[in-house]
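Only one structure is covered here, and it is reproduced in the block below.
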Amino acid sequence: MSLDINTKCLHIEEDEENDCKHYGSISFPIYQTATYEHPEVGKSTGFDYSRLQNPTRKRLEKVVASLENGLDALAFSSGMAAITALMEIFKPGDHLITDADLYGGSIRLFDNINAKNGIEFTRIDCSRADIECYIKDNTKAIYIETPTNPMMRVTDIEEVAKLAKKHNLLLIVDNTFLSPYFQNPLNLGADIVIHSGTKFLGGHNDTLAGFVVTNREDISEKLRFIIKTVGSGLAPFDSWLILRGIKTLGIRMERAQENAFKIVKYLQSEPKVKNVYYPGIDGTEYYEISKRQARGFGSMLTFEVESAELAKHILKFTKLIPFAESLGGVETLLTYPCTQTHADVPENERIANGITDCVLRMSVGIEDAEDLIADLKYAIDSYDGYLGQHI
Ligand SMILES: *Cc1c(COP(=O)(O)O)cnc(C)c1O
């Protein structure tokens, strides 16, 4: 039986564990335990210690593996914990090609922690560059985000997967922005998928989590060894919160995307807005490839206003929409990438990527679209460019 993704958010296909256990509980229980009793020497319930595995975390991992059509998924205490653990599969002297426009925290990890451990990185615009030119003898993987954060550039996953196969490289895709609801990189040839579960999977701006998903047995084995050794697995209660979030993934993604389209339309009509970056705008650079490889365009958008002063004014004067880091929750948020998510990216690189102080990122939530537009409009209209102040 092959289930639709909306059903997979709520049910597990081969649910060998749930039927006779848990007293018929519909909500999967929180196993708030650190350790497990053994029946006798040499026998185990399958659970020994919660750093290695916990039933609630295992349930969540099964759900996420099923949403991404992966063989295995591992749940970590945050997205960064997931990426940190993944990087342990590489060794000193290995080289990775990564996208130039990545989540700032990933760049910080690569430059400050992994580089110190002897791993080399080359950052390029994977949506446009000829990646093959940058492959060296010690290159081991290509690491991309698509759409990118925050410039919403889209890379052809299938194309890069073919190149990775040809050179025997791993293709790693951070799929946080579209979530498994809209995009499944493993089906397009990627080897590993990353998620910040804090974002759309959790969906309520209330829990941190991260995932590594793979369809390769050897990588799953390595990661299982790493998670039990470094100890960054997701706690039982947090696993339960993400499980609960995932139940409504489909309706949240659809509703937020609907709102995003309406907000894009408003922003395009606003003279003080210079550019709107959203892959769902018909006729723009990434529209066709997005339609080919994803089932939707998502609810992340970035826009550039006419001045840094106006950008700061908007962040101060929206009443409904908070100025806050993060994304993918039911509440709409506005982020200022140059001082928040991308503050640690070297300035010349940040500006070369288009992330100037006039750029705002918006994670569109599930509120009423007209209320959101009215809030933005009030903040924009109340700025007097001549006086440079609130009117
Ligand atoms: C937020 C984010 C991360 C990091 O995840 P945390 O859960 O905040 O640690 C990684 N990648 C992307 C694309 C993100 O948006």
Side-chain angles (χ1 to χ4, degrees), residues 57 60 64 68 73-87 96 98-114 121 123 126-127 143-155 157 172-183 185 190 192-213 227 230 232-235 238-239 241-242 245-246 253 256 277 279 294 298-302 324-329 331-337 340-345 353 355 360-365:
R57 188 168 95 214
L60 171 64
V64 172
E68 282 291 11
L74 292 93
F76 293 89
S77 57
S78 70
M80 290 321 300
I83 303 169
T84 302
L86 172 63
M87 293 308 292
L96 275 78
T98 81
D99 217 305
D101 186 33
L102 287 185
Y103 174 67
S106 303
I107 294 180
R108 184 172 58 226
L109 171 72
F110 297 159
D111 282 3
N112 296 286
I113 309 283
N114 301 137
F121 297 90
R123 281 203 284 278
C126 290
S127 72
Y143 185 110
I144 62 170
E145 277 177 28
T146 179
T148 63
N149 182 358
M151 298 313 289
M152 305 305 293
R153 298 192 186 117
V154 177
T155 297
I157 299 173
I172 305 162
V173 181
D174 183 332
N175 199 29
T176 299
F177 265 35
L178 284 182
S179 91
Y181 185 75
F182 282 139
Q183 179 167 275
I192 296 165
V193 165
I194 296 282
H195 278 287
S196 167
T198 313
K199 315 297 167 55
F200 290 101
L201 290 169
H204 292 74
N205 291 322
D206 58 10
T207 318
L208 298 184
F211 296 92
V212 181
V213 194
I227 200 172
V230 306
S232 50
L234 191 63
D238 291 357
S239 298
L241 281 170
I242 304 293
I246 289 173
M253 296 300 295
Y277 303 99
S299 50
M300 293 302 298
L301 61 94
T302 294
E325 222 153 318
S326 202
L327 62 108
E331 294 95 358
T332 298
L333 302 179
L334 267 172
T335 300
Y336 199 34
Q340 291 184 305
T341 50
H342 290 66
D344 286 344
V345 178
N353 276 327
I355 312 169
L360 296 171
R361 189 188 77 184
M362 193 169 185
S363 169
V364 181

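First listed ligand is number 1; within each ligand, the first listed atom is number 1. Note that these values count all heavy atoms, side chains included, but never hydrogens, waters or copies made by symmetry.
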- Would you please determine whether L327 falls within less than 4.0 Å of ligand 1 on a heavy-atom basis? yes
- Task: Specify the protein heavy atom at minimum distance from atom 4 (C) of ligand 1: its residue, its atom name, and the distance to 0.1 Å.
- Result: Y103 CE2, 3.5 Å
- Among protein heavy atoms, which lies nearest atom 15 (O) of ligand 1, and at what distance? K199 NZ, 2.8 Å
- Message: Under a 3.5 Å distance rule, please check whether D101 uses its side chain to pair with a backbone N or O of M151 as donor and acceptor.
- Response: yes
- Task: Mind running side chain to side chain donor-acceptor pair (under 3.5 Å) on H195 and E68 for me, showing each step along the way?
- Result: CA-CA 10 Å; H195 278 287; E68 282 291 11; 2.6 Å; yes
- Would you confirm whether H342, through its side chain, and N149, through its main-chain N or O, come within 3.5 Å as a donor-acceptor pair? yes
- Looking only at distances, please establish whether an N/O atom of ligand 1 is found under 3.5 Å from an N/O atom of G79. yes
- Quickly, which of V212, V193, L74, V213 forms a side-chain contact (heavy atoms from CB on, under 4.5 Å) with V64? Name it, please. V213
- Message: Whether the side chain of N353 engages the backbone of I355 through a donor-acceptor N/O pair (distance < 3.5 Å, no angle test) should be reported.
- Response: no
- Measure from the side-chain N and O atoms of T176 to the backbone N and O of S196, and report whether any donor-acceptor pair falls under 3.5 Å. yes
- Answer with side chain, backbone, both or neither: which part of A81 has a heavy atom less than 4.0 angstrom from an atom of ligand 1? neither
- Determine whether the side chain, the backbone, both or neither of L208 has a heavy atom under 4.0 Å from any heavy atom of ligand 1. neither
- Within the distance-only criterion (no hydrogens, no angle test), does the side chain of D238 pair as donor or acceptor with the backbone N or O of L234 below 3.5 angstrom? no
- Message: I'd like to know whether ligand 1 has G328 as a neighbour, heavy-atom separation below 4.0 Å.
- Response: no
- Note on the structure: For A209, the atoms of ligand 1 under 4.0 Å from one of its heavy atoms are 7 (O)
- Nearest heavy atom to atom 9 (O) of ligand 1, choosing from E325, M80, H195, belongs to M80
- Ligand-side contact atoms (ligand 1) for residue partner T198, heavy atom cut-off under 4.0 Å: 6 (P), 7 (O)
- Would you mind running through ligand 1 and noting each atom that sits below 4.0 Å from a heavy atom of D174? 10 (C), 11 (N), 12 (C), 13 (C)
- Taking distance alone, with no angle check, do S106 and ligand 1 share an N/O pair under 3.5 Å? no
- Item | T148 side-chain N/O to R153 backbone N/O, donor-acceptor pair under 3.5 Å | yes
- Item | Shortest protein heavy-atom distance from atom 5 (O) of ligand 1, along with the residue and atom involved | S196 OG, 3.0 Å
- Task: Would you verify whether the NZ or CZ of K199 falls within 45 degrees of the ring axis of Y103 while also being under 6.0 Å from that six-membered ring's centre?
- Result: yes
